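Take a look at the following structure, please.
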Amino acid sequence: MMKFKHHTLATAILIAFSGNAQSQIANVPAVVITARPVIEEVRLDAYSSTAAFVTEEQLRDQNAVDLASALRRTPGVQISRYNPVGAFGGDQGGAVFIRGMGVSRPGSEIKTYIDGIPFYMGVWNHPLLDLLPVNGMQSISVYKSPQPQVNGNNFASVNLQTKRATDNGIHGNARLSVGSFGTVIEQADLTGRQGSLEYSLAQGYAKSNGHRNNADGELKNLMGWVNVQIDQNWTANASFILVDNKARDPGDNRSALPVKAPEYNTKASMITAGVTHQHGDWRGEFRVYRDSGEGNWLSQAGLDGDTLTNFFMSGLRWKEQFSAWTGGTVIAGIDHDRIGGDLQFNRLAPAPKASYVAPTFKITSPYIAFNQEFKLSNEWSLLPSAGVRYYQHSEFASKSSPHAGLSLISDKVTFFANLSRGINYPGLETTVLSSLIAPLGFSWKKLSAEELDHVEVGMKFSPGKDTQIDISLFSDKVKNRYIFGFPPDVPPPPQFINLGSYTNKGAEVAVRQAMSSQWSIFAGLSFIDSSIDNLPYTPKQALTLGLNGQLDAFRIALDAQYQSEVWALNRARTAGALNTEKVSGFSVVNARVAYPLPFLGKKGEVFVAVENLLNRSYAYRPGYPMPGRNGQLGISASF
């Protein structure tokens, strides 16, 4: 069990700066830092694939305490949650959805990663957002489509990149805030570079009593990274992450609440070790990892009692990149993952208690991709690319996911197109459900991987240095979605089966405009049209607005989010499942105002953050209202 003081590091840093505060404040020149609102940029890689890129500056300005609050304003991304702090992982209370993907549970089409290493609930095969702390992260990348050259076994993914040292010496940041509902947030990080040694350490704590009875949550995390330069070509590195979290279910306010509220508690750890090399334009990385953890759903309804789940994942990542000829680049690598775990069902009498040990699934996926730049003129170049990832699974049939891209590039405008196939294998949840529903037997062994065929075209346009416009049109066709059921919903006998397909088509437009040296505005608009009328968490329209700037000494960050009505609740894996409940469309405005305190360092400030500024009523699930207007008062320091 992880135990650490949640205030020690922040307090130490603040005290270190307080001694000569008054003598320094008059001598430090004013520094204007205007971060881009909402997201840093929509990145286009060398394989004509896009990703939304969020930096720690956006995390600060959005006052993000967890991954849900960090991504809820990203175009094309929706979330569900119950509580101000903590994601209730046992039901609908903590999930992320990308362009209509991730709506199934268990067995999500979305996977989550930290530094490219998978980190999610391996037994139930879906993300647990509380396992993914945002403090200590320098960026978050949201891949809204299958990108086999980046990772595999998913239809979309989210990767959190831990903070790295950027300068020689030792640097640190700390933040402490208190606010509505008894909320306390404390975060601190330290980075250093000295000779051949680089390192980072981050720690975070967040706790809230919640805006409703039983809407409380608590998050604790600690992470570290170290890198040693062996010689001019080779380095060795290692990292660790520890998380320990709690969240309760406040319940549907349209019904009588239980005597004891359900609770979902998570603990997990990740350790990695690896080496990297660079020899001219040839560079590569080899890493091994192990994750382990637990997700415990306590005080469930009826006689279900407590379900205790332990999971582990281990494996390796090996990637090489080189230029074999002029203008061309090749990447090649192999991923290997082992996934296992066990469960304990502590039901209430007269229901029987039970336990289950899941088999270990093994997935090996080598991949290769290349691109070639052709100079068409002094202003234009053409960049075609292609590649394939191959999957070998210990239980299911082998599959491959090809991809191809084409970009026409100039200084001011880039046109791009990409095609890719996503592969998403059924996970251990199929074996768990078979152990609970005896008539399903071993029918899970007959399943095939789910597939998604993705097509996207778009452009990046920069008419001037102060303007950036990103446009994407996409089509995603899901095939072989797996379900289970009983006749007549499925052919006899009762079984798991790959059945049906559906299509999501849509568009995203993002505009970023610097209005002056001190003010910047962002607008993101997304449209999705699904062939399934009641596909949950897939709004037909969604709009995000952001405004960042400086007013005298005050730094101001405003953001607003609108989404149209959506069907709610995750789409069950049972045959004939329909979503029958909706939540209304809503608009939410948030603000953060900071005043610099130079004696607390370059990032020293006192700030006020207000969520739901206009006090609107909204919810991600019927009967689960989110907080009205609420705020936090905090202080930050750095050195």
Side-chain angles (χ1 to χ4, degrees), residues 14 17-18 21-22 24-41 53-65 69-70 72-75 134 173-180 183 185 187 462 464-469 510-525 543-562 587-616 627-639:
L14 292 174
F17 282 103
S18 61
Q22 296 301 320
Q24 292 187 39
I25 190 169
N27 298 322
V28 177
V31 177
V32 176
I33 302 175
T34 303
R36 293 177 171 180
V38 183
I39 64 172
E40 180 68 16
E41 63 178 319
F53 189 70
V54 180
T55 67
E56 60 179 315
E57 285 76 19
Q58 281 87 42
L59 297 178
R60 174 201 62 199
D61 289 343
Q62 295 177 41
N63 204 45
V65 66
S69 56
R72 62 184 169 182
R73 302 168 187 92
T74 303
V134 296
N173 302 279
R175 165 193 169 190
L176 178 65
S177 66
V178 296
S180 304
T183 300
I185 300 172
Q187 299 174 346
S462 300
K465 64 182 180 65
D466 296 330
T467 306
Q468 177 66 58
I469 302 171
V511 180
R512 187 181 301 105
Q513 177 68 50
M515 298 182 294
S516 69
S517 61
Q518 295 183 327
W519 288 92
S520 180
I521 190 170
F522 171 86
L525 184 62
L543 172 66
T544 297
L545 297 174
L547 177 68
N548 281 22
Q550 197 87 11
L551 185 62
D552 293 329
F554 294 93
R555 189 163 54 80
I556 299 171
L558 293 169
D559 66 78
Q561 175 194 12
Y562 162 79
S587 300
V588 178
V589 179
N590 311 290
R592 186 180 189 272
V593 179
Y595 185 82
L597 299 177
F599 64 88
L600 291 180
K602 185 177 179 180
K603 297 182 180 179
E605 62 181 15
V606 60
F607 64 88
V608 175
V610 181
E611 296 233 352
N612 198 359
L613 187 64
L614 303 181
N615 202 32
R616 301 297 191 190
R629 184 185 300 114
N630 65 96
Q632 293 179 37
L633 173 65
I635 189 169
S636 299
S638 69
F639 68 90

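Remember, predicted model here, so these are calculated numbers, not experimental data.
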*asked:* Rounded to the nearest 0.5 Å, what separates atom CG in Asn590 from atom CG in Leu558?
replied: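 It is 9.0 Å, given to the nearest 0.5 Å.
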*Do you know which two heavy atoms are closest between Gln632 and Thr183, and how far apart they sit?*
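Residues Gln632 and Thr183, closest heavy atoms: NE2-CG2, 4.3 Å.
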*Mind listing the closest non-hydrogen atom pair of Ser520 and Arg512 along with its distance?*
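Closest approach of Ser520 to Arg512, heavy atoms only: OG-CG, 4.4 Å.
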*Report the distance from atom OG of Ser177 to atom CG of Asn63, rounding to the nearest 0.5 Å.*
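Spacing of OG (Ser177) from CG (Asn63) equals 6.0 Å.
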*Euclidean distance, Leu525 CG relative to Thr544 OG1, rounded to 0.5 Å*: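 CG of Leu525 is found 9.0 Å from OG1 of Thr544.
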*Kindly determine whether Arg555 and Glu605 satisfy salt bridge (Lys or Arg N to Asp or Glu O under 4.0 Å), including the steps that lead there.*
CA-CA 10 Å; Arg555 189 163 54 80; Glu605 62 181 15; 2.7 Å; yes
_Side chain proximity check, Pro37 to Leu547, heavy atoms < 4.5 angstrom_ = no
*Give, for atom CD1 of Ile39 and atom CZ of Phe53, the distance between the pair rounded to the nearest 0.5 Å.*
11.0 Å
*Take Leu633 and Val606, measure what side chain to side chain contact (heavy atoms under 4.5 Å, CB included) needs, and give me the verdict at the end.*
CA-CA 8 Å; Leu633 173 65; Val606 60; 4.3 Å; yes
*When you check the side-chain N and O atoms of Asn548 and Asp61, is any donor under 3.5 Å from an acceptor?*
yes
*For Arg175, does its backbone N or O pair with a side-chain atom of Ser636 as donor and acceptor, under 3.5 Å?*
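Looks like no, no N/O pair under 3.5 Å.
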*State the CG-OH distance between Asp552 and Tyr595, to the nearest 0.5 angstrom.*
9.5 Å
_Keeping Asn615 on the side-chain end and Arg629 on the backbone end, is there a donor-acceptor pair under 3.5 Å?_
yes
_Interatomic spacing from CG in Asp559 to CZ in Arg73 - rounded to 0.5 Å_ = 4.0 Å
*So, does Ser180 use its side chain to make a donor-acceptor pair with the main chain of Asn630 at under 3.5 Å?*
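No: the side chain of Ser180 does not pair with the backbone of Asn630.
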*Hey, does the side chain of Asn612 reach the backbone of Pro627 with a donor-acceptor pair shorter than 3.5 angstrom?*
yes
*Distance only, no hydrogens: is a donor on one side chain within 3.5 Å (strictly under) of an acceptor on the other, for Arg72 and Gln561?*
no
*What are the two closest heavy atoms between Thr55 and Gln58, and how far apart are they?*
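That closest heavy-atom pairing would be OG1-OE1, 2.6 Å.
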*Check whether any side-chain heavy atom of Leu600 sits under 4.5 Å from a side-chain heavy atom of Ile635, and report yes or no.*
yes
*Nearest heavy-atom pair of Gln468 and Ser462: which atoms, and what distance?*
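Shortest heavy-atom contact: OE1-OG, 2.6 Å.
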*asked:* Show the nearest heavy-atom pair for residues Val54 and Thr74, with the distance to one decimal.
replied: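 Where Val54 meets Thr74 most closely, the heavy atoms are CG2-OG1, 4.2 Å.
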_Residues forming a ring pair (Phe, Tyr, Trp, His ring centres under 6.0 Å) with Tyr562, sequence neighbours excluded_ =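 Ring pair (Phe, Tyr, Trp, His ring centres under 6.0 Å) list for Tyr562, sorted by chain: empty.
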*Please walk me through it: do Trp519 and Ile556 pass side chain to side chain contact (heavy atoms under 4.5 Å, CB included)?*
CA-CA 9 Å; Trp519 288 92; Ile556 299 171; 4.2 Å; yes
*Has Arg592 got its NZ or CZ under 6.0 Å from the middle of the six-membered ring of Phe607, at an angle within 45 degrees of the ring axis?*
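Arg592 over Phe607 ring: yes.
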*Measure the shortest side-chain to side-chain distance between Arg36 and Glu57 over non-hydrogen atoms and say whether it is less than 4.5 angstrom.*
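No - every pair of side-chain heavy atoms lies 4.5 Å or more apart.
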*asked:* Minimum heavy-atom separation for Ser69 and Ala64, please, with both atom names.
replied: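 It is OG-CA, 3.5 Å.
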